[in-house]
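These values consider heavy atoms only, across backbone and side chains, with no hydrogens, waters or symmetry-generated copies. Order of listing sets the numbers, starting from 1, for every ligand and every atom in it. Sequential numbering from 1 along the given sequence is applied to the chain's residues.
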Amino acid sequence: MGVDLSLDKEKLESQDNLKNKVGLELPNIQEDIPPRKKLIFSGIQPSGTFTLGNYLGAIINWNKLQDDYNCIYCVVDMHAITVKQEPAKLRQNTLDAYALLLACGIDLERSILFIQSHVKTHAELSWILSCSTQYGELGRMTQFKDKSQKHADDINAGLFTYPILMAADILAYNADLVPVGIDQKQHLELARNVAERFNGRYGKTFTVPDPYIGEVGSKVMSLQEPTTKMSKSDKNANGFVLIIDDKDTIIRKFKRAVTDSESEIVFREGKDGINNLMTIYSAFTGQSFEQIVNDFNGKGYGDFKIAVGEVVADKLFPIREKYLQLVSDKEYLRECYTENAVKALNVSQRVLSKVYRKVGFVS
Ligand code: ATP
Ligand code: LTN
């Protein structure tokens with residue numbers, strides 16, 4: 001695909017300069033240059049098979065954005081090792097994640113999809129950016145606080161500097177927009193601060209990225225504890241639905257979803273379980289909460305839970321089928337991720353070379 005990183009503005013400015021210098025009327029090239037499509041970058045950890053939360057909070061948006069933007073997506077295996085991983089399992093999870101993203105509709109004709117550790121510029125840029133990141137700002141990251149409590153026996157430096165690597169992922173491509181769930185907003189804020197600090201110190205180098213947070217499904221909650229986010233590392237498997245769960249499993253998990261002691265299907269504060277089910281139903285059917293309330297007026301929670309389960313299972317079925325087919329075709333997968341790593345390297349190397357020049361490294 002043609003991720004066009006040419007700076008249209010620069011071309012136009014040089015046209016103006018030339019005009020001033022020679023005093024000639026040049027043909028107006030402004031009309032010939034199509035506006036550059038904005039660049040999207042996002043990453044997902046291969047820390048297990050993806051959940052409905054990952055799907056609605058991230059992947060669905062990744063998919064839609066391909067229509068209007070140049071998109072670069074990444075399976076962030078280097079981020080995954082900030083918590084203990086079994087090497088063989090990490091390798092398998094990474095390949096599974098890659099196949100699942102393809103099955104979910106990431107289209108290699110239009111987008112780049114690669115594996116983070118295949119592209120060395122991320123680690124290289126991360127070091128440079130760490131010298132423009134303050135210790136104090138890393139300490140304020142809530143994910144670091146949560147994860148260091150959860151993994152108290154291994155509070156390693158990578159867990160602490162994780163957001164710098166994430167900033168490097170994004171800034172290495174001069175991404176304009178970063179689709180993430182709400183939980184990643186703070187990390188993105190840090191990436192913006194680092195970009196602005198670097199630009200302030202060395203001159204304009206990085207695009208300051210904006211978060212892109214979808215309207216529906218930006219925070220899908222656990223089916224068992226609807227006040228906490230649905231997470232693939234939850235110990236209770238009934239709390240999450242996996243994209244590749246089969247229909248019976250999906251319906252069983254929804255049937256067991258924790259709700260409340262009332263019986264009214266309505267979106268209201270305090271009804272976390274029902275609110276979550278309505279959010280999921282709305283995300284999959286496109287129906288408004290009002291429509292859902294009308295349609296299920298007089299029906300019980302049991303009926304609603306089955307309806308949500310069925311809608312989810314039916315939508316996920318083709319993805320599951322495609323995934324099973326792709327994951328067994330190792331040769332095809334290898335071709336895809338190898339080719340895409342080269343593309344990602346080409347784009348990010350250009351940015352990194354500029355950064356090296358700016359900081360004063362001998363070329
Ligand atoms: P883990 O359980 O290992 O912490 P996770 O399930 O939270 O992982 P990540 O790999 O950290 O998933 O996140 C991938 C993307 O999915 C991010 O953009 C994140 O914001 C989004 N995401 C994760 N969980 C949810 C959720 N429950 N609702 C909405 N978006 C989510
Ligand atoms: N930190 C993110 C994953 C991630 C990411 C990124 C997301 C790593 N690098 C760059 C967007 C852009 C997470 O844990 N979900």
In plain terms, say whether Arg110 and Asp67 are close enough for a salt bridge, that is, a side-chain N and a carboxylate O under 4.0 Å apart. yes
Can you name the atoms of ligand 1, numbered from 1 with element, that are less than 4.0 Å from a heavy atom of Lys229? 5 (P), 7 (O), 23 (C), 24 (N), 27 (N)
Looking at atom 9 (N) of ligand 2, what's its closest protein heavy atom, distance included? Asp169 OD2, 2.7 Å
What protein heavy atom lies closest to atom 14 (O) of ligand 2? Include the residue and the distance to one decimal. Tyr162 OH, 2.7 Å
Asp183 contact mode with ligand 1 (heavy-atom cut-off under 4.0 Å): side chain
Taking the six-membered ring for Trp, is the centroid-to-centroid distance between Phe304 and Tyr281 below 6.0 Å? yes
Under 4.0 Å to a heavy atom of Gln45 - the qualifying atoms of ligand 2, by number: 14 (O)
Shortest non-hydrogen separation from Leu129 to Ala167 and the atoms involved: CD1-C, 3.9 Å
Sub-4.5 Å side-chain heavy-atom contact between Asn297 and Val293: no
Which atoms of ligand 2 sit under 4.0 Å from any heavy atom of Val178? 11 (C), 12 (C)
At a 4.0 Å threshold, what atoms of ligand 2 neighbour a non-hydrogen atom of Val76? 8 (C), 9 (N)
Any nitrogen or oxygen of Ser42 lying under 3.5 Å from a nitrogen or oxygen in ligand 2? Just yes or no. no
Name of the residue among Ile292, Ile280, Thr279 meeting side-chain contact (heavy atoms from CB on, under 4.5 Å) with Val308: Ile280
Are Phe198 and Phe206 an aromatic pair by the rule of ring centers under 6.0 Å? yes
So if I count the atoms of ligand 2 from 1 in the order they appear, which ones are less than 4.0 Å from some heavy atom of Val180? 7 (C), 11 (C)
What atoms of ligand 1 come within less than 4.0 Å of a heavy atom belonging to Lys219? 28 (N), 29 (C)
Judging by distance only, is a nitrogen or oxygen of Gly53 under 3.5 angstrom from one on ligand 1? yes
Which of the atoms in ligand 1, numbered in the order shown and given with their element, are less than 4.0 Å from a heavy-atom of Ile44? 10 (O), 14 (C)
Does an N or O anywhere in Asn54 fall below 3.5 Å from an N or O of ligand 1? yes
Please state whether the rings of Phe289 and Phe267 are parallel, tilted or perpendicular, taking 30° and 60° as the class boundaries. parallel
Distance from atom 3 (C) of ligand 2 to nearest protein heavy atom, with residue and atom: Gly43 O, 3.6 Å
Classify the angle between the aromatic ring planes of Tyr162 and His79 as parallel (below 30°), tilted (30 to 60°) or perpendicular (above 60°). perpendicular
Taking the six-membered ring for Trp and the single ring otherwise, decide whether the centroids of Phe160 and Tyr135 are under 6.0 Å apart. yes
Element-labelled atoms of ligand 1 that are located less than 4.0 Å from some non-hydrogen atom of Ala58: 15 (C), 16 (O), 18 (O)
Does Arg334 pair with Glu339 as a salt bridge, N-O distance under 4.0 Å? no
The answer for which part of Leu165 has a heavy atom under 4.0 Å from ligand 2 is neither
Polar proximity ligand 1 side, Val220 side, N/O cut 3.5 Å exclusive: yes
Minimum heavy-atom distance Ser348-Thr121, with the two atoms named: OG-OG1, 2.7 Å
